[in-house]
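The block underneath contains the structure these notes are about, expressed in structure tokens.
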Amino acid sequence: MSPAAVVSGLGAWLPERTVDNHQLSTVLDTSDEWIRTRTGIGLRHIVAPGESTSDLAVAAGRRALESAGTTRVSAVVLATSTPDHSCPATAPDVASRLGLGGIAAFDVAAVCTGFVYALRVGAGLIATGADSVLVIGADTFSTILDPEDRTTRAIFGDGAGAVVLRAGAADEPGALLGFDLGSDGTGADLITVPAGGSRQRSTGVPAAEREHYFAMAGKPVFRHAVLRMSESTLAVRSAVGWTGVDRLVAHQANARILAAVGEQLALTEEQVVLNLDRVGNTVAASIPLALADAVVDGVLPPGARTMLCGFGGGLTWGSAALLWPDLAVQAPPRHR
Ligand code: COA
């Protein structure tokens, strides 16, 4: 039987600069009240000029390696949709800066589902012979937001989170027990950066400036998110044979989405992990950042039947189930 992928380390990192709702409302037509009521978000962390996705990924990766008590892994899989450059991938640079040597390192792009996709890829590498894999989710969406778009600027923040997977047995705490991944390309236009890719560049016509910014159709995305996240988590719960779930640690896009999915899983408010009030939607970093905050806050106990779930651009979605392991985790830095 092929080995199981076991979560053996967890780390997270946030850039130092923060922007709270009151600060946003001084430059945009918005308010703390609107943002909190419609999304649950209170604060987001934003990279400084010159700071990039790889900087956050290296810091989170280092913490995950420390948490796992190791300095070596067989591969790095980096989930990001804001790589340092459109070519090459960012993961090789991250692996080198972490001193990991000439190992396999590549990016996975599935926007807000990126971390769950990357976990699945990491588990696949372990099933086919890798000893251990560093899986990182890191994004700096502040670098692609339209400065005049009050909706997206209210929601997105920057950050990174990472786990170490090692080869182990399926009955160990931390073993990834089941996955569900999906996509629907007919919804590609709902979450997009219209310009900058081959579709636009091949025309030879320079893009209008705003087309380089991220755009999202909030309402349909909201509806798709609730539906797909509910279906996906229920599918994994049934596939792994659980009668219930103790903790939902899902992509932190909107507190109302998380409440609706929690309801489908018959969870109480306390069983749905929320940290978006302090970090906003950090895209591929969202789930590992929420895991790290939950461990540090003592709301994710070892042994909890834990469901991870992401939803995002593509459209893409995915879930994974594990019994939460006993890990030493440092608090993500907060600079409030
Ligand atoms: N401050 C004040 N008003 C705002 C605002 C802001 N930051 N952003 C939008 N509004 C306004 C809109 O302009 C609109 O005004 P109008 O009625 O005069 O046209 C009104 O608020 C309602 O906008 P709407 O888009 O219908 O709000 P909503 O309740 O759908 O909330 C989102 C918007 C983006 C928060 C919500 O749709 C959402 O969370 N979508 C899902 C995001 C997601 O899951 N992403 C995951 C993948 S990344």
Side-chain angles (χ1 to χ4, degrees), residues 19-44 79-82 109-117 137-159 181-185 187-194 213-233 248-262 264 272 274-277 279-287 289-290 308-319:
V19 180
D20 68 20
N21 294 346
H22 296 287
Q23 287 168 298
L24 261 192
S25 67
T26 63
V27 289
L28 289 168
D29 181 16
T30 188
S31 65
D32 179 56
E33 203 265 331
W34 191 96
I35 300 172
R36 278 188 195 278
T37 321
R38 304 310 293 163
T39 70
I41 296 165
L43 183 87
R44 67 278 310 137
T80 187
S81 299
T82 44
V111 201
C112 298
T113 320
F115 185 74
V116 182
Y117 267 65
D139 268 302
T140 51
F141 259 49
S142 70
T143 63
I144 58 170
L145 297 181
D146 181 341
E148 289 174 24
D149 184 348
R150 62 180 174 173
T151 307
T152 54
R153 278 194 66 191
I155 294 173
F156 290 93
D158 303 334
L181 298 182
S183 78
D184 175 7
D189 288 348
L190 298 177
I191 296 174
T192 185
V193 178
Y213 293 132
F214 173 83
M216 178 174 74
K219 270 220 185 309
V221 167
F222 189 105
R223 283 195 295 271
H224 279 289
V226 172
L227 177 71
R228 296 304 192 177
M229 291 170 83
S230 301
E231 286 175 352
S232 180
T233 49
L248 173 67
V249 187
H251 173 52
Q252 305 280 308
N254 187 312
R256 293 182 294 140
I257 294 175
L258 293 171
V261 179
Q264 295 297 316
V272 179
L274 274 185
N275 76 336
L276 85 175
D277 55 317
V279 295
N281 178 344
T282 55
V283 193
S286 181
I287 292 173
L289 263 170
L308 312 181
C309 179
F311 176 87
L315 301 171
T316 53
W317 56 88
S319 304

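The chain is numbered in sequence order, starting from 1. Both ligands and their constituent atoms are indexed starting at 1 by order of listing.
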Restricting to side-chain contact (heavy atoms from CB on, under 4.5 Å), what partner residues turn up for Ala217, sequence neighbours left out?
Leu190, Pro220

Asn254 side chain to Thr39 side chain, donor-acceptor N/O pair below 3.5 angstrom:
no

For Thr282, enumerate each residue passing the side-chain hydrogen bond (donor to acceptor under 3.5 Å, both in side chains) test, keeping only those at least two apart in sequence or located in another chain.
none

Just to verify, which of Val221, Val261, Leu227 counts as forming a side-chain contact (heavy atoms from CB on, under 4.5 Å) with Phe311?
Val221

How are the rings of Phe141 and Phe214 set relative to one another: parallel (under 30°), tilted (30 to 60°) or perpendicular (over 60°)?
perpendicular

List for me each residue that meets side-chain hydrogen bond (donor to acceptor under 3.5 Å, both in side chains) alongside Asp146, sequence neighbours excluded, and say none if there are none.
Arg210

Neighbouring residues of ligand 1, heavy-atom cut-off under 4.0 Å:
Asp29, Thr30, Trp34, Arg38, Thr39, Cys112, Arg150, Thr151, Ala154, Ile155, Phe156, Ile191, Met216, Gly218, Lys219, Val221, Phe222, Ala253, Asn254, Arg256, Ile257, Asn281, Phe311, Gly312

